[in-house]
Amino acid sequence: MKIVIVGGGFAGINLAKELTNVPDIQVTLIDKNNYNFFPPLIYQVATAYLEPSSISYPFRKFFAGKKNLQFRLGEVLSVNQAENKVILSNGELFYDRLIFASGAETSYFGMENVQKNAIPMKTLTDAIEMRNRLLQNMEKAVLTKNIRERRKLLTVVVAGGGPTGVEVSGMLAEMRNGILRKEYPELETAASNLYLVDGGNALLSPMSEASQKDTYEALTKMGVVVKLNTRVTDFKDDLVYFADGATIATKNLIWAAGVSAKQFEGISAESYGRGRRMATDGYNRVNGTQNIYAIGDTAIMTTDANFPDGHPQVAQVAIQQGKNLAKNFLFMLKNKPLNTFVYNDKGSMAIIGKNKAVVDIPKPKMHFKGIFAWMVWLFIHLISLITYRNRFKTFYNWMVAYFAKDQSYRMIIRPNKQEIR
Ligand SMILES: Cc1cc2nc3c(=O)[nH]c(=O)nc-3n(C[C@H](O)[C@H](O)[C@H](O)COP(=O)(O)OP(=O)(O)OC[C@H]3O[C@@H](n4cnc5c(N)ncnc54)[C@H](O)[C@@H]3O)c2cc1C
């Protein structure tokens with residue numbers, strides 16, 4: 001059986017891993033990057049806590065020595081279902097089974113200026129972009145004598161009060177309270193504001209009320225101005241506009257407010273559900289297709305009794321769907337009945353700052369916060385990294401940052417040899 005997987009994130013890589021060395025299965029994994037990366041920690045790259053290689057790993061190294069797994073660099077553009085063929089940016093491939101594990105992409109809800117001017121937080125490239133831009137703006141703030149301009153350069157607005165928005169705000173608050181005072185003496189008396197805005201009425205909306213309240217209080221204490229029921233409508237001429245008519249003057253809008261899946265030519269409109277996700281049956285087969293499957297963020301399945309509106313777009317769903325689909329391919333080879341997918345929710349968590357985190361566990365229903373929650377967060381994220389090398393590097397960096405009270409990757413790297421502005 002020739003299996004082609006589009007995307008090597010949590011879903012795709014777990015599916016491929018489970019099919020390693022199965023003699024009757026040949027797997028080709030296509031990705032537009034030549035590496036797998038760990039999205040839950042990209043904000044730590046963006047804030048200079050970790051360097052990119054701590055949370056990424058090349059696919060070819062991962063597949064080395066695994067005879068039935070192959071990697072192909074390329075971007076999938078469309079599908080020809082009649083010929084069982086995917087069309088890539090750099091060629092085409094035939095399949096017996098095609099699996100979309102292509103995740104989601106940043107959604108700007110149609111706001112062109114936000115797309116053009118804001119800093120997205122979805123990929124490793126975005127994280128490096130953000131690190132460069134914030135550090136560059138701090139250097140510009142040192143140089144300007146204009147107080148309003150300086151304030152705009154140092155003010156940051158984070159849009160989106162989910163885990164990413166909360167975590168990046170907490171990290172920036174710690175950076176401002178520690179590094180800015182220490183390393184930028186020129187800016188000691190400069191005003192800088194850090195805002196976290198969300199269109200809903202709570203931070204971390206899928207988590208418990210206790211977690212939402214603890215997070216709000218902790219961030220406020222750290223100096224983050226949290227504005228709820230505040231929807232961004234535009235970002236132009238250094239002003240963020242809100243639905244209620246208010247504005248904030250800044251050069252830094254970090255966009256962590258939404259994602260939507262990508263649609264592919266050759267998959268009919270009826271096969272898509274809410275959020276442009278591919279609608280699947282309980283075995284992750286895309287509705288209206290014979291041999292095409294979707295797993296992870298790009299899929300929406302409404303057959304799981306506990307999740308009638310579809311599963312949350314989180315790592316555990318992607319991992320579990322990848323593993324379940326692998327099992328089903330093995331069952332197919334043996335003509336055995338297939339397993340329907342049932343999500344095992346292990347809980348959710350968010351880190352707010354040093355020694356501060358919130359954790360919710362569904363069974364038994366439990367909420368905890370503070371240093372214990374923080375240690376649980378660190379441990380879970382560490383063991384979830386793809387290789388021992390990544391775990392060791394991340395642990396080492398965290399320890400240095402914790403004891404030295406410092407992040408050390410504050411280099412502005414200009415891959416395009418940009419001018420010093
Ligand atoms: C900043 C951030 C923080 C997050 N924090 C958490 C968290 O703390 N806990 C949690 O559970 N979840 C978190 N999530 C969500 C979690 O990362 C996703 O649910 C998970 O990554 C989904 O896995 P996936 O395999 O479906 O997609 P992804 O991991 O997004 O992988 C998709 C892959 O497909 C590739 N791809 C996409 N399109 C194409 C194409 N056309 N051709 C070829 N390749 C393609 C991409 O390069 C990528 O490698 C976070 C997400 C982000 C962005």
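Remember, it's 1-based here, ligands and their atoms both numbered in the order they're listed.
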Going by the atom numbers of ligand 1, which of them fall below 4.0 Å from some non-hydrogen atom of [X]?
X: N33; value: 47 (O)
X: G296; value: 26 (O)
X: F264; value: 41 (N)
X: M121; value: 1 (C), 53 (C)
X: G74; value: 42 (N), 43 (C)

In terms of the angle between their ring planes, are F100 and F264 parallel, tilted or perpendicular, with boundaries placed at 30° and 60°?
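F100 and F264: tilted rings.
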Atom [atom1] of [X] with >12 non-hydrogen neighbours under 6.0 angstrom:
X: K262; atom1: NZ; answer: yes
X: K61; atom1: NZ; answer: no
X: R151; atom1: CZ; answer: no

Nearest-neighbour protein heavy atom for [atom], which is reported as residue plus atom name and distance:
atom: atom 41 (N) of ligand 1; result: V76 O, 3.1 Å
atom: atom 18 (C) of ligand 1; result: D297 OD2, 3.3 Å
atom: atom 21 (O) of ligand 1; result: F10 CD1, 3.2 Å
atom: atom 27 (O) of ligand 1; result: G103 CA, 3.3 Å
atom: atom 12 (N) of ligand 1; result: A315 N, 3.4 Å
atom: atom 25 (O) of ligand 1; result: A11 N, 2.9 Å
atom: atom 8 (O) of ligand 1; result: P40 CB, 3.6 Å
atom: atom 28 (P) of ligand 1; result: G9 CA, 4.0 Å

Does a donor on one side chain sit under 3.5 Å from an acceptor on the other, for [X] and [Y]?
X: E51; Y: S54; result: yes
X: K369; Y: S211; result: no
X: S271; Y: N287; result: no
X: W398; Y: Q44; result: yes

Closest non-hydrogen atom pair between L333 and V22, with its separation
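Closest pair (atom of L333, atom of V22, distance): CD1-CG1, 4.1 Å.
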Given A350, S384, A318, G322, which has its nearest heavy atom closest to atom 23 (O) of ligand 1?
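Residue with the shortest heavy-atom distance to the ligand atom: A318.
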Atom 5 (N) of ligand 1 touched by protein heavy atom at under 4.0 Å:
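Flag for atom 5 (N) of ligand 1 set to true, protein heavy atom closer than 4.0 Å.
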Quickly, which of N252, N132, T155, T250 forms a side chain to side chain donor-acceptor pair (under 3.5 Å) with N137? Name it, please.
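Exactly one option meets the side chain to side chain donor-acceptor pair (under 3.5 Å) with N137, and it is N252.
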Backbone, side chain, both or neither: what part of [X] comes under 4.0 angstrom of ligand 1, heavy atoms only?
X: Y43; value: neither
X: A101; value: backbone
X: L88; value: neither
X: K32; value: both

Counting only nitrogen or oxygen atoms and a 3.5 angstrom limit, does [X] reach ligand 1?
X: T164; answer: no
X: I42; answer: no
X: Q313; answer: yes
X: F59; answer: no
X: Q316; answer: no
X: P39; answer: no
X: E167; answer: no

Between F395 and Y388, is the ring centroid distance below 6.0 Å?
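Not close enough - the centres of the two rings lie 6.0 Å or further apart.
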Distance flag, aromatic centroids of Y49 and Y43, threshold under 6.0 Å
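Ring centres of Y49 and Y43 not closer than 6.0 Å.
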Measure from NZ or CZ of K236 to the centre of the six-membered ring of Y241 and say whether it is under 6.0 Å with the direction within 45° of the ring axis.
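Yes.
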Aromatic Y272 / basic R276 pairing, under 6.0 angstrom, 45° off normal
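Not satisfied by the 6.0 Å and 45° rule.
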For A299, is the nearest heavy atom under 4.0 Å from an atom of ligand 1?
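Outside the 4.0 Å threshold, so no.
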Heavy-atom gap F37 to ligand 1 smaller than 4.0 Å:
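No, F37 has no heavy atom closer than 4.0 Å to ligand 1.
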Take Q321 and H311, measure what side chain to side chain contact (heavy atoms under 4.5 Å, CB included) needs, and give me the verdict at the end.
CA-CA 11 Å; Q321 286 189 341; H311 299 105; 3.7 Å; yes
Counterpart residues, salt bridge (Lys or Arg N to Asp or Glu O under 4.0 Å), relative to E270 (two or more places apart)
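Listed in chain order: nothing, the list is empty.
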